[in-house]
Amino acid sequence: MLPSPFQFERPSTIADAVRAVGESGDGMFYAGGTELLLALKMRVIRADRLIDIKGIPGLDCIAVNGMNEIEIGARCTHRKISGDPVIREHVPALASLCAEVANIRVRNVGTIGGNLCFGEPHADPPTMLAALNARLVLVGSRGTREVHADDFIRSEMETVREPDELLRVIVFPRPAGPVTYRRFKHGERPSVNVAMTWSLNADGNTIRSARVRVGALGLRPQPLPVVEGALRNVAVAEARQAIETALPAALDQLEVNADRHGGADYKRHLAGVLLLRSADEAVTAGGSWLK
């Protein structure tokens with residue numbers, strides 16, 4: 001099946017791209033197109049205009065900014081992120097994640113911004129970026145605004161992004177401790193995924209704070225505040241025990257949808273297994289973090 005007819009435009013600036021889409025929402029931004037083109041061909045969605053943003057400079061940069069934050073341009077492909085020296089040095093778990101997204105064809109052209117904006121519940125990056133406390137910078141006709149990764153995905157295939165808003169960059173603090181990501185994969189998409197970040201105290205032996213996110217269970221990544229609280233000011237060596245103690249109550253609080261990836265109880269069990277494996281990995285990494 002072919003998509004409905006549409007116009008194709010290639011602006012050279014973000015401002016021109018925003019104007020081309022128009023506040024009426026009759027156009028859509030196009031970068032990698034790995035999800036968008038399939039949806040158009042199936043006529044699940046319709047666009048009168050496709051706005052190709054691949055020629056806009058600055059959207060595919062990766063750097064550490066002056067505030068010790070890591071910036072990833074929304075047009076960066078998964079392949080670029082997986083091999084970037086900044087990401088591999090500061091967030092190797094994110095590099096590994098992007099090296100295993102979907103398949104090689106998707107990784108070569110699919111972008112991290114497109115992945116986020118599509119709002120697919122069974123995706124890898126949203127869970128990791130929520131755990132990293134990332135902010136998403138959106139540029140639209142009404143100006144620029146920031147949205148936390150936790151708040152960006154509203155529901156299945158739905159985000160808070162307005163039709164004329166372009167996701168420009170993803171920003172998150174440079175990690176101050178180990179970052180882990182685990183998933184159970186069904187086909188090319190995760191059935192369950194778990195991301196965890198620790199901020200260590202100056203001695204490197206205790207956890208100052210932790211962020212834990214579980215994805216692909218419901219409509220968007222979910223926090224585990226019970227586990228995060230249990231890890232606060234706990235010795236790295238005792239982290240796994242703290243998680244094991246808090247895990248039953250934490251898993252009970254998760255909203256889990258049964259789908260083709262598995263039943264609710266099965267997916268909840270998988271989340272617990274992946275979290276404990278993440279704890280083992282983080283304990284190993286934490287011991288050498290500040291050496």
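The shown structure was predicted, so the numbers you read here are calculated from the model rather than taken from an experiment.
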Legend entry - Connected via hydrophobic side-chain network under 4.5 Å: Leu219 and Leu254: no
Legend entry - Test item: Asn103 side-chain N/O and Val106 main-chain N/O as donor-acceptor pair under 3.5 Å: yes
Legend entry - Atom pair CD1 (Ile81) and CD1 (Ile87), whose distance is rounded to the nearest 0.5 Å: 6.5 Å
Legend entry - N/O donor-acceptor pair under 3.5 Å between Asp203 side chain and Asn205 backbone: yes
Legend entry - Set of ring pair (Phe, Tyr, Trp, His ring centres under 6.0 Å) partners for His261, sequence neighbours left out: His122, His186
Inset, instruction - Answer yes or no: does atom CD of Glu146 have more than 12 heavy-atom neighbours from other residues, nucleotides or ligands under 6.0 Å? - result: yes
Legend entry - Nearest heavy atoms of Ala230 and Ala242, plus distance in Å: O-CB, 3.8 Å
Inset, instruction - Mind checking the CD1-CZ spacing from Ile153 to Arg161? Nearest 0.5 Å is all I need. - result: 12.5 Å
Inset, instruction - Flag the pair Glu228 and Arg213 as a salt bridge only when some basic side-chain nitrogen lies within less than 4.0 angstrom of an acidic carboxylate oxygen. - result: yes
Inset, instruction - Specify the closest pair of heavy atoms between Ala99 and Ser82, including all atoms of both residues, with the distance to one decimal. - result: N-CB, 3.6 Å
Legend entry - Least distance between heavy atoms, Gly113 atom then Leu167 atom: CA-CD2, 3.7 Å
Inset, instruction - Compare all side-chain heavy atoms of Met28 with those of Leu36 and state whether any distance is below 4.5 angstrom. - result: yes
Legend entry - Other residues, nucleotides, ligands: >12 heavy atoms within 6.0 Å of Gln241 CD: no
Inset, instruction - Mind checking the SG-CZ spacing from Cys117 to Phe29? Nearest 0.5 Å is all I need. - result: 9.0 Å
Inset, instruction - Please determine if Arg211 and Asp150 form a salt bridge, counting it only when a charged side-chain N lies under 4.0 Å from a carboxylate O. - result: yes
Inset, instruction - Working to the nearest 0.5 Å, report the span between NE2 of His90 and CZ of Phe172. - result: 9.5 Å
Legend entry - Heavy-atom side-chain contact between Gln253 and Pro225 under 4.5 Å: yes
Inset, instruction - Please examine the side chains of Gln222 and Leu217, heavy atoms only from C-beta on, and report whether any two atoms are closer than 4.5 Å. - result: yes
Legend entry - Passing candidate, side chain to side chain contact (heavy atoms under 4.5 Å, CB included) with Leu129, options Leu136, Ile112, Leu97: Ile112
Legend entry - Arg277 CZ: over 12 foreign heavy atoms closer than 6.0 Å: no
Inset, instruction - Answer yes if Ile14 and Val169 sit in the same cluster of Ile, Leu, Val, Met, Phe, Trp and Tyr residues linked by side chain heavy atoms under 4.5 Å apart, and no otherwise. - result: no
Inset, instruction - Taking all heavy atoms of Ala250 and all of Val226, pick out the closest pair and write down the distance. - result: CB-CB, 4.1 Å
Inset, instruction - Inspect the contact between Arg142 and Glu162 and indicate whether a charged nitrogen and a carboxylate oxygen are less than 4.0 angstrom apart. - result: no
Legend entry - Residues forming a salt bridge (Lys or Arg N to Asp or Glu O under 4.0 Å) with Arg268, sequence neighbours excluded: Asp265
Inset, instruction - Answer whether the closest heavy-atom distance between the side chains of Glu120 and Asn115 falls below 4.5 Å. - result: no
Legend entry - Same apolar cluster (I L V M F W Y, side chains within < 4.5 Å links), Leu116/Val137: no
Inset, instruction - Dump the intermediate steps for side-chain contact (heavy atoms from CB on, under 4.5 Å) on Glu69 and Arg135, then the final yes or no. - result: CA-CA 11 Å; Glu69 298 173 317; Arg135 309 187 312 277; 2.9 Å; yes
Inset, instruction - Could you check Leu276 against Leu247 for side-chain contact (heavy atoms from CB on, under 4.5 Å), going step by step and ending with a plain yes or no? - result: CA-CA 9 Å; Leu276 290 175; Leu247 198 54; 4.1 Å; yes
Inset, instruction - List the steps, then state whether side-chain contact (heavy atoms from CB on, under 4.5 Å) holds for Asn233 with Ile207. - result: CA-CA 5 Å; Asn233 295 321; Ile207 302 167; over 6 Å; no
Inset, instruction - Over all heavy atoms of both residues, which pair between Pro190 and Asn193 is shortest? Give the atoms and the distance, please. - result: CG-ND2, 3.7 Å
Legend entry - Among Leu200, Leu94, Thr197, Leu132, side chain to side chain contact (heavy atoms under 4.5 Å, CB included) partner for Pro175: Leu132
Inset, instruction - Evaluate the side-chain proximity of Val194 to Thr127: yes if any heavy-atom separation is below 4.5 Å, no if none is. - result: no
Inset, instruction - Could you check if a side-chain atom of Val212 sits within less than 4.5 angstrom of a side-chain atom of Leu275, using non-hydrogen atoms only? - result: yes
Inset, instruction - May I ask you to say whether Asp16 pairs ionically with Arg19, meaning some side-chain N is under 4.0 Å from a carboxylate O? - result: yes
Inset, instruction - Run the salt-bridge test on Arg189 and Asp124 with the 4.0 Å N-O cut-off and return the result as yes or no. - result: no
Legend entry - Sidechain-backbone polar pair: Lys80 side chain, Asp60 backbone, donor-acceptor under 3.5 Å: yes
Inset, instruction - Give the minimum heavy-atom separation between Ile56 and Pro11, together with the two atoms involved. - result: CG1-O, 3.6 Å
Inset, instruction - Check for a donor-acceptor pair, side chain of Asp164 on one end and backbone N or O of Ser141 on the other, with a separation under 3.5 Å. - result: yes
Inset, instruction - Not counting sequence neighbours, which residues clear side chain to side chain donor-acceptor pair (under 3.5 Å) with Arg145? List them please. - result: Glu165
Legend entry - With Arg75 via side chain to side chain donor-acceptor pair (under 3.5 Å) - residues at least two apart: none
Legend entry - side chain to side chain donor-acceptor pair (under 3.5 Å) involving Arg79 - partner list, sequence neighbours excluded: Asn108
Legend entry - Single-linkage hydrophobic cluster Phe118~Leu59, side-chain heavy atoms < 4.5 angstrom: no
Legend entry - Lys/Arg N to Asp/Glu carboxylate O, Glu9 vs Arg49, below 4.0 Å: yes
Inset, instruction - Taking Thr144 for its side chain and Gly140 for its backbone only, find out whether a donor-acceptor pair lies under 3.5 Å. - result: no
Legend entry - Derivation of the side-chain contact (heavy atoms from CB on, under 4.5 Å) call for Phe6 and Tyr30: CA-CA 12 Å; Phe6 57 83; Tyr30 163 67; over 6 Å; no
Legend entry - Derivation and outcome, side-chain hydrogen bond (donor to acceptor under 3.5 Å, both in side chains), residues Arg46 and Ser4: CA-CA 7 Å; Arg46 176 189 174 96; Ser4 302; 3.1 Å; yes
Legend entry - 4.5 Å side-chain heavy-atom contact, Trp198 and Val283: yes
Inset, instruction - Report the C-alpha distance between Glu100 and Arg107 in whole Å, list the side-chain angles of each, state the deciding distance to 0.1 Å, and finish with yes or no for salt bridge (charged side-chain N to carboxylate O under 4.0 Å, His left out). - result: CA-CA 8 Å; Glu100 297 182 358; Arg107 292 193 291 271; over 6 Å; no
Inset, instruction - Evaluate the side-chain proximity of Thr77 to Val109: yes if any heavy-atom separation is below 4.5 Å, no if none is. - result: no
Inset, instruction - Using side chain to side chain donor-acceptor pair (under 3.5 Å) as the criterion, list what pairs up with Arg182, not counting sequence neighbours. - result: Glu281
Legend entry - Atom pair CG (Leu231) and CD1 (Ile243), whose distance is rounded to the nearest 0.5 Å: 4.5 Å
Inset, instruction - For Lys54, look at atom NZ and say whether over 12 heavy atoms of other residues, nucleotides or ligands are found less than 6.0 Å away. - result: yes
Inset, instruction - Measure the spacing between CG of Leu251 and CG of Leu270 and express it to the nearest 0.5 Å. - result: 10.5 Å
